[in-house]
Amino acid sequence: MSLKPYLIQALTEATKALDLPAVAVRIAPSKNPKFGDLSTNLALIVAKPAGKNPYDTALAIKGRLSLDADKIAEVTVTPPGFINFKLSEHYYYGLLATILNEGRGFGRGTSGKGKSANVEFVSANPTGPLTVGHGRQAVLGDTVANILEWHGFDVTREYYYNDAGRQMRLLAESVAARYYQELGRDVPLPEDGYQGEYIVEIARQIINRLGDNLSPGDPSFRREAEKHIFNNIKATLTRMGIEHDRFTNEKSFYESGAITEFINDLRAKGFIYEAEGAVWFKTTALGKTQDRVLIKSTGEPTYRLPDMVYHRNKLERGYELIIDIFGADHQDTYPDVLIALEALGYDISPIRVLIHQFVTLVRSGEKVKMSTRKATFITLEELIDELGPDVVRFFFIMRGMNSHLNFDLDLAADQSEKNPVFYLQYAHARIVNIIRHGENLGYEFTKDYDPTLLKHPSELALLKKLDQFPDIMSTALEILEPQIVANYLLSLATHFHKFYTECRVITENHPLSQARLALISAVRIVLNSGLKLLGVNAPERM
RNA sequence: GCGCCCAUAGCUCAGUUGGAUAGAGCGUUGGCCUCCGGAGCCAAAGGUCGCAGGUUCGAAUCCUGCUGGGCGUACCA
């Protein structure tokens, strides 16, 4: 149980009693221990409109506070007017008991209880293996889903795809060409065809399973290619611990008539007109600078239209939260989708769009240009082969989605031993090892320990770090930026490793050993929770 | 041209509703293993937070302009 709500209430009452302006009180961990454990800038904010000196105001607020000495050991005021709180050691001892009692439930939120959420991610069409770029999105999406689940949401992980477009046709033609080439006929790949080696593999499989006399337009080419590729995509995702609950095919919206219905609904609202043989969406009437084509002059809808229908479909399924994860190349399309839904009177507030920047692959100091069609990409599968799923997941998640990620393949492979993920996992393995070592010497873990024996600075620092976990997790839910969890865990591991070098756990001093065993057990719980959330293993041995 | 994103140590990046001395890893230099795993710890060096203004008691963070880069700006998806 964090102290923040308690302090916020006390501070709010004090400002009220002093007749100062009411503002939202913010409390943050102090960066420098000199300033206690928690600080607030309340007086700085409140003094100005009241025409008072911030420092004196801080002192006045402090004078009005009556705090439980079991929780707060000391209150100080520092220039220019910060109020600092030093937490009592008893508070941290209580925290330790809480973590051990709650176990993996520690820090879990309830704000999503009884609510459902949908996270759509990856959504690559089955035209080729997943690339490294898809990998970033896959990990990001899965981790965001984990964060939601942590806070109680019932999450559906969804994969949206289109297996009927031009690219799929091209794929089928490419497979057919390779099929005939394998049979010794000189059939060229279509222009702009798919050149990857996997196309040849699919062709060979078709020969093995369906024989050698398929005609050029046989639907088996497309069907077999899709099946093969989709199986590979799913297998790759599975290796990273990612399972989608639901696959939605764009085609279903054509078959159900939802596409036509959508156009009709927009037309009824007056947002549709026809020109140059195409059907246009009058986005200029809704504040945009350019109208958009929804149905081409060929009669085929553009990608925008099914996207709109798909989002209407998700809204109608009744999720409290709908998260779309897109690459930066989609940034311009979702506003049109949202505008269309609003035009039809939908409340779009459940929809939250997360845009991630691209991954630039660097090999031998040079950028690798990626194209699925030309097969010049590095596949996600290859990356996992090289680095292992834990490293891949952690690498993608430890950076903010807004950063243009430079992925140096040589470096990642060379430094795999020094990779931060091993640092984290090593902390966990170390804890398990110490506990095992203790058991061998007859130290049973017991809840009957004396926490007041934990007085060493690195012990207290570790406790303070553990105290931040629930806050970190709720911030992660607000901002949906998983890297703050990764950064927190690294910092926790650092505190643990420091503690380890300074404080021996298993010693002749039994009571102290018991207390330290309790401490590292708590660290283990939080590490486990955090790593699980990131989808990274917490190994007992390395 | 217009829109979105980015620019922080030699390199890769943290720094999230504006706070106190801007951090970490890698790399470089120098220390720490009779004892729970050295995949660890400690220390040093390394910064005009792209540039110039502005707002503020206080700016890497907010605003404006500029420079440089990524992605869009299709009757491709």
Side-chain angles (χ1 to χ4, degrees), chain A residues 24 26 28 30-32 34-35 39-41 44-45 47-48 53-55 78-82 84 123-125 127 162 165-168 250 276-280 289-290 292-304 306-307 327-333 335 355-358 360 362 398-408 411-412 414-427 429-431 433-438 440-441 443 475-476 478-481 483-484 486-487 490-491 493-494 496-507 513 516 520 541-542:
Chain A
R26 191 108 35 86
S30 310
K31 277 184 186 166
N32 190 325
K34 187 168 75 183
F35 302 127
S39 305
T40 179
N41 59 356
L44 291 162
I45 292 169
K48 179 86 185 279
N53 174 294
Y55 190 80
T78 49
F82 289 102
N84 312 303
S123 296
N125 289 337
T127 57
N162 172 19
R166 209 189 69 170
Q167 295 302 321
M168 288 302 290
E250 183 182 311
E276 302 162 45
V279 176
W280 295 73
T289 53
Q290 197 183 354
R292 302 290 191 182
V293 169
L294 291 186
I295 301 179
K296 304 180 214 171
S297 49
T298 60
E300 273 182 300
T302 62
Y303 64 94
R304 261 173 246 271
D307 269 9
D329 54 341
H330 281 62
Q331 71 197 5
D332 246 24
T333 83
I355 304 275
H356 66 90
Q357 299 303 314
F358 281 168
T360 305
V362 179
M398 68 185 291
R399 256 86 242 225
M401 67 180 91
N402 272 329
S403 77
H404 300 260
L405 186 55
N406 257 332
F407 198 128
D408 188 323
L411 207 66
D414 284 354
Q415 294 186 343
S416 61
E417 283 195 351
K418 295 251 176 192
N419 198 295
V421 70
F422 293 124
Y423 180 81
L424 261 182
Q425 293 181 319
Y426 183 51
R430 239 182 182 174
I431 290 170
N433 195 60
I434 295 168
I435 292 171
R436 191 161 44 218
H437 179 76
N440 290 340
L441 297 178
Y443 288 79
T475 305
E478 277 172 42
I479 65 178
L480 296 177
E481 289 263 21
Q483 86 275 9
I484 75 160
N487 290 332
L490 285 174
S491 168
T494 298
F496 167 73
H497 285 308
K498 189 173 164 64
F499 156 80
Y500 173 88
T501 51
E502 292 178 0
C503 299
R504 201 183 156 77
V505 176
I506 306 299
T507 67
S513 298
R516 287 181 171 166
I520 66 169
R541 283 195 168 86
M542 291 176 70

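Excluded from the calculations below are hydrogen atoms, water molecules and symmetry mates; all remaining heavy atoms, backbone and side chain alike, are included. Just so it is clear: chains get the letters A, B, ... in the order the sequence lines come, proteins before strands, and each one is counted from 1. Remember, it's a predicted structure, so these values are computed and weren't measured experimentally.
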query = Which dot-bracket string fits RNA chain B when only Watson-Crick or G-U wobble pairs with both atom distances under 3.5 Å count, crossing pairs get [ ], and | stands for a partner on a different strand?
reply = (((((((..((((.....[...)))).(((((.......))))).....(((((..]....))))))))))))....
remark   = Rounded to whole Å, the CZ-C1' distance (A:Phe496 to B:A39) equals 13 Å
ask   = Which of the following nucleotides, B:G18, B:C71, B:C36, is nearest to the side chain of A:Phe358?
value = B:C71
query = Among the nucleotides B:A39, B:C42, B:G38, which one has an atom lying closest to any side-chain atom of A:Lys498?
reply = B:C42
Distance, rounded to the nearest Å, where A:Asn402 contributes CG and B:U61 contributes C1' = 14 Å
ask   = Starting at CZ of A:Arg430 and ending at C1' of B:C36, how long is that distance when rounded to a whole Å?
value = 9 Å
ask   = With no angle test and no hydrogens, is the base of B:A20 tied to the side chain of A:Ser39 by a donor-acceptor pair under 3.5 Å?
value = yes
Polar pair under 3.5 Å, donor/acceptor by atom type, side chain A:Gln331, base B:C71 = yes
message = Strictly below 4.0 Å: does A:Tyr55 bring a side-chain N or O up to OP1 or OP2 of B:G58?
response = no
query = How does protein contact run along nucleotides 7-12 of chain B, one letter per nucleotide 5' to 3', with B for base contact, S for sugar-phosphate only, - for none, heavy atoms under 4.0 Å?
reply = -----S
remark   = Per atom distances to the A:Phe35 side chain, the nearest of B:G38, B:C57, B:A20 is B:A20
List every contact pair, protein side and nucleotides 73-77 of chain B side both N or O, where the distance is under 3.5 Å.
| residue | atom | partner | partner atom | Å |
| --- | --- | --- | --- | --- |
| B:A74 | OP2 | A:Gln290 | NE2 | 3.2 |
| B:C75 | O2 | A:Ser297 | N | 2.6 |
| B:C75 | O2 | A:Ser297 | OG | 2.6 |
| B:C75 | N3 | A:Ser297 | OG | 3.3 |
| B:C75 | N4 | A:Glu276 | O | 2.9 |
| B:C75 | N4 | A:Glu276 | OE1 | 3.3 |
| B:C76 | OP2 | A:Lys296 | NZ | 2.5 |
| B:A77 | OP1 | A:Lys296 | NZ | 3.3 |
| B:A77 | OP2 | A:Tyr303 | N | 3.4 |
| B:A77 | O3' | A:Asn162 | ND2 | 3.4 |
| B:A77 | O2' | A:Asn125 | ND2 | 3.4 |
| B:A77 | N6 | A:Tyr303 | OH | 2.9 |

request  = Could you check how far CG of A:Asn487 sits from P of B:G15, rounded to whole Å?
outcome  = 6 Å
query = So which nucleotide from B:C42, B:U16, B:A39 ends up closest to the side chain of A:Glu481?
reply = B:U16
inquiry  = Syn or anti for B:C32, given that syn means the glycosidic angle lies within 90° of 0?
reply    = anti
key: Of the listed nucleotides B:A14, B:G19, B:G38, the one nearest the side chain of A:Ile45   = B:G19
Distance, rounded to the nearest Å, where A:Leu44 contributes CG and B:A59 contributes P = 13 Å
